[in-house]
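Here is the structure we will look at.
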Amino acid sequence: MPFKQNVYEKAVYKEPAPIRDTEHPFQAMIDRFDIAAKILELDPGFYEYLVSPSRIHITSIPVVMDDGRIKMFEGYRVIHNEILGPSKGGIRFSPDVNVNEVKALAAWMTWKCAIVNVPFGGAKGGVVCDPSSMSPGELERLTRRYTANLLDVFGPDKDIPAPDMNTNAQIMAWIIDTYCMNTRNTNTAMVTGKPIILGGSLGRVEATGRGVMSVTLSAMAKLGMSPQDSTVAVQGFGNVGSIAAKLLSGRGCKIVAVSDVHGGYYNENGFDVEDLIEYASNNNRSLAGYPEAQEISNHELLTLDVDVLVPAAKEDQITSANAPDVKARIIAEGANGPTTPAADRILDEKGVLVVPDILANAGGVTVSYFEWVQDRQGYFWSIERVNKRLDRMMKTAFNNVFVASEEYGVPLRTASYVLAIDKVASALKLRGIYA
Ligand code: NAD
């Protein structure tokens with residue numbers, strides 16, 4: 001097996017961390033890392049290197065608000081690792097984002113890029129703000145000042161941002177404009193998830209949801225399930241959740257439950273997902289009040305009697321408290337970190353096939369890579385080419401992880417970490433430590 005690791009001296013490891021629920025996503029990352037590191041017999045020095053973020057930038061962002069007051073915001077950019085290439089990762093605007101969360105998200109980007117075989121390292125950014133209470137002008141000034149503060153960090157060969165929760169193509173357009181005005185250079189490859197007219201890629205908006213669809217179908221095939229006979233519940237109806245629901249519905253699955261931050265919606269006959277999307281887009285991105293649905297809570301959604309569960313909202317949704325009640329046979333993690341390490345063990349014992357975040361939602365960074373390639377070539381691909389290559393890369397990644405899980409007798413999550421860590425560690429060994 002290409003991933004089998006014989007190159008390191010046998011080393012003494014600390015035992016994997018005690019299995020627990022955690023509200024600290026970075027610890028959740030380390031808990032999974034520990035299990036894989038033990039399987040790989042990872043050198044202790046490599047262990048320390050690979051769990052440590054390479055750089056953490058914390059920046060104060062002054063913004064003149066519409067009423068003339070100056071308000072200070074805190075922003076982060078964490079570069080976790082650059083061994084395989086320039087670092088890559090989205091920027092999240094959220095009132096409760098914190099540096100611990102951004103560290104975890106940056107590390108997950110490193111492993112994600114390694115699994116789908118794109119030549120990037122991992123990074124993530126965040127700004128503590130509530131975009132729903134800010135005007136477009138305030139958001140623009142915030143975005144531009146965040147970008148200007150991090151001008152030396154970003155760059156097409158250094159660190160490449162992208163959208164994440166509450167950020168979108170417009171925000172990427174302000175980032176590219178600020179960067180290009182300051183560097184006196186038009187360099188569209190410095191950010192991905194841009195509007196098409198500014199060098200964005202066709203298919204990028206749908207890419208993460210499309211990747212979720214692809215791995216879900218692969219997982220169904222492994223379990224002998226047919227999409228036409230399968231019911232699906234999707235938590236979160238933003239970019240990832242709504243597109244995953246739409247595409248799975250297009251493949252014949254019955255989407256019986258969806259939810260957003262306001263609550264859950266159930267229809268045993270299956271939703272018309274296009275109609276849900278239209279309703280949300282005319283209702284301030286909310287499904288609240290959708291007529292053809294029974295209201296349920298987000299907790300109820302997670303434990304519904306469905307075949308497939310797609311958590312596509314945020315971290316720490318499936319915990320030791322609700323994992324025993326999960327009835328789905330497959331969980332495809334559209335969100336980053338929706339399952340806690342304690343829940344992992346429970347789901348594994350129940351025989352639930354969990355397609356982990358670092359594999360399931362890697363479609364976004366894959367098409368971001370395509371966008372970066374197209375920008376650098378100045379040659380743009382058709383949607384057919386983007387989707388075909390995305391599907392191929394997701395299928396290959398799923399199969400590699402599935403084979404590794406059988407080889408090591410471990411769940412897909414551990415197999416994903418084993419493959420990713422092995423790849424980055426092998427590259428580190430070749431590059432060596434610069435002294
Ligand atoms: P988004 O902002 O477009 O949508 C988030 C959705 O989740 C919204 O419908 C929101 O109402 C809902 N939500 C928020 N809190 C909730 C809660 N407590 N319960 C139920 N629903 C809740 O964000 P997105 O881009 O779709 O990202 C969702 C997740 O997917 C995040 O974890 C993100 O990091 C991850 N992800 C996104 C991408 C991408 O390309 N957008 C790529 C990889 C991973």
Side-chain angles (χ1 to χ4, degrees), residues 25 28 88-97 101-102 104-109 111-113 115-116 122 124-126 130-132 161-169 171-172 192-194 200-201 203-212 215 233-246 257-265 276-277 279-281 283-288 290 296-302 309-319 322 332-339 355-371 390 394:
K88 185 87 191 74
I91 298 169
R92 175 175 288 197
F93 284 0
S94 160
D96 52 13
V97 65
E101 180 179 315
V102 180
L105 290 160
W108 283 326
M109 286 304 299
W111 315 133
K112 213 177 281 189
C113 292
I115 288 171
V116 284
K124 204 81 179 187
D130 178 6
S132 66
D164 192 68
M165 269 170 77
N166 296 323
T167 56
N168 56 22
I171 287 174
M172 301 307 114
T192 61
K194 308 176 283 292
S201 176
R204 173 60 186 89
V205 172
E206 299 83 15
T208 308
R210 191 176 178 87
V212 171
V215 296
V234 181
Q235 185 197 39
F237 204 69
N239 173 278
V240 181
S242 66
I243 304 286
K246 183 176 93 171
V258 292
S259 74
D260 61 19
V261 71
H262 306 291
Y265 311 88
L276 281 173
I277 292 174
Y279 182 88
S281 73
N283 195 33
N284 204 16
R285 297 177 66 212
S286 165
L287 292 169
Y290 187 74
I296 56 173
S297 68
N298 261 293
H299 172 75
E300 284 170 316
L301 178 137
L302 295 171
L309 176 62
V310 179
K314 54 185 294 195
E315 304 84 34
D316 296 333
Q317 298 301 298
I318 305 171
T319 67
N322 57 10
E333 295 184 335
N336 285 307
T339 309
V355 188
D357 46 8
I358 55 174
L359 168 62
N361 68 35
V365 75
T366 302
V367 176
S368 275
Y369 165 58
F370 296 165
E371 181 174 331
L390 171 63
M394 292 303 296

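Quick caveat, the model's predicted, so the values are computed rather than measured. Counting convention: from 1, in listed order, for ligands and their atoms alike.
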- Kindly indicate, with the supporting measurements, whether the criterion side-chain contact (heavy atoms from CB on, under 4.5 Å) is fulfilled by N336 and K112. CA-CA 11 Å; N336 285 307; K112 213 177 281 189; 2.9 Å; yes

- Query: Is there a heavy atom in E206 that sits closer than 4.0 Å to ligand 1?
  - Reply: no

- State whether E101 and R92 are salt-bridged, where the test is any N-O pair (Lys NZ or Arg NE/NH1/NH2 against Asp/Glu carboxylate O) under 4.0 Å. yes

- Numbered atoms of ligand 1 (with element) below 4.0 Å of N298, judged on heavy atoms: 19 (N), 20 (C)

- Task: Taking only heavy atoms of D260 into account, list the atoms of ligand 1 that are under 4.0 Å away from them.
- Result: 9 (O), 11 (O), 20 (C), 21 (N), 22 (C)

- Within the side chain of S259, is there an N or O that forms a donor-acceptor pair under 3.5 Å with the backbone of G236? yes

- Message: Which residue and atom name correspond to the protein heavy atom nearest atom 29 (C) of ligand 1, and how close is it?
- Response: A313 O, 3.5 Å

- Note on the structure: Closest non-hydrogen atoms of P311 and I318, given as atom of the first, atom of the second and distance, are CG-CD1, 4.1 Å

- Task: Between G337, A312, A362, flag the one that comes closest to atom 28 (C) of ligand 1 by a heavy atom.
- Result: A312

- Message: Between ligand 1 and Q317, is the shortest N or O to N or O distance under 3.5 Å?
- Response: no

- Message: My understanding is that we take every heavy atom of each candidate and find the minimum distance to atom 33 (C) of ligand 1. Doing that for T167, D164, L105, which one comes out nearest?
- Response: D164

- Shortest reach to atom 4 (O) of ligand 1 by a heavy atom, considering only G211, G193, G238: G238

- Item | Exercise: identify the closest heavy-atom pair between L359 and M394 | O-CE, 3.2 Å

- Query: Between the side chains of S94 and N166, is a donor N or O closer than 3.5 angstrom to an acceptor N or O?
  - Reply: no

- Message: Between S297 and E300 (side chain of the first, backbone of the second, donor and acceptor by atom type, cut-off under 3.5 Å), is there such a pair?
- Response: yes

- Task: Counting heavy atoms only, name the option from A288, G236, A207 that's nearest to atom 7 (O) of ligand 1.
- Result: G236

- Step by step, would you call Y369 with T192 a side-chain contact (heavy atoms from CB on, under 4.5 Å)? CA-CA 8 Å; Y369 165 58; T192 61; over 6 Å; no

- Item | Ring centres under 6.0 angstrom apart (Y290, Y279) | yes

- Note on the structure: Nearest heavy-atom contact between R204 and E371 is CG-OE1, 3.8 Å

- Message: Check for me whether G334 has a heavy atom closer than 4.0 Å to any atom of ligand 1.
- Response: yes

- Note on the structure: Nearest heavy-atom contact between A288 and D260 is N-OD2, 4.2 Å

- Taking N or O atoms only and a 3.5 Å limit, does M165 qualify as a polar contact for ligand 1? no

- Item | Shortest heavy-atom approach to atom 37 (C) of ligand 1 - which of I243, V240, L287 | V240

- Give the atoms of ligand 1, by number and element, whose distance to some non-hydrogen atom of N166 is under 4.0 Å. 2 (O)

- Task: Just jot down the ligand 1 atoms closer than 4.0 angstrom to any heavy atom of A335, in number order.
- Result: 29 (C), 30 (O), 32 (O), 35 (C)

- Item | Candidate pair L301 and L309, rule side-chain contact (heavy atoms from CB on, under 4.5 Å), full reasoning | CA-CA 9 Å; L301 178 137; L309 176 62; 4.0 Å; yes

- Task: Measure the distances from the heavy atoms of R92 to every atom of ligand 1 and state whether one is below 4.0 angstrom.
- Result: yes

- N/O to N/O below 3.5 Å, does that happen between K124 and ligand 1? no

- Task: Please round to the nearest 0.5 Å and tell me the distance separating atom CE of M109 and atom NZ of K124.
- Result: 5.5 Å

- Task: Give the numbers and elements of all ligand 1 atoms closer than 4.0 Å to a heavy atom of N336.
- Result: 32 (O), 33 (C), 34 (O), 35 (C), 36 (N), 44 (C)

- Task: Compute the shortest N/O to N/O distance between F237 and ligand 1 and return yes if it is under 3.5 Å, no if not.
- Result: yes

- Message: For the 3.5 Å polar cut-off, considering only N or O atoms, please tell me whether T208 and ligand 1 meet it.
- Response: yes

- Message: Under the criterion side-chain contact (heavy atoms from CB on, under 4.5 Å), I'd like the reasoning laid out for M165 against L105: C-alpha separation, chi angles, the key distance, then a yes or no.
- Response: CA-CA 12 Å; M165 269 170 77; L105 290 160; over 6 Å; no

- Starting from atom 41 (N) of ligand 1, which protein heavy atom do you reach first, and at what distance in Å? N239 OD1, 3.5 Å

- To which protein heavy atom is atom 18 (N) of ligand 1 closest, and what is the distance rounded to 0.1 Å? K314 CD, 3.6 Å

- Task: Could you tell me if any non-hydrogen atom of R285 lies under 4.0 Å from any atom of ligand 1?
- Result: yes

- Query: For atom 14 (C) of ligand 1, which protein heavy atom lies nearest, and how many Å away is it?
  - Reply: V261 CB, 3.9 Å

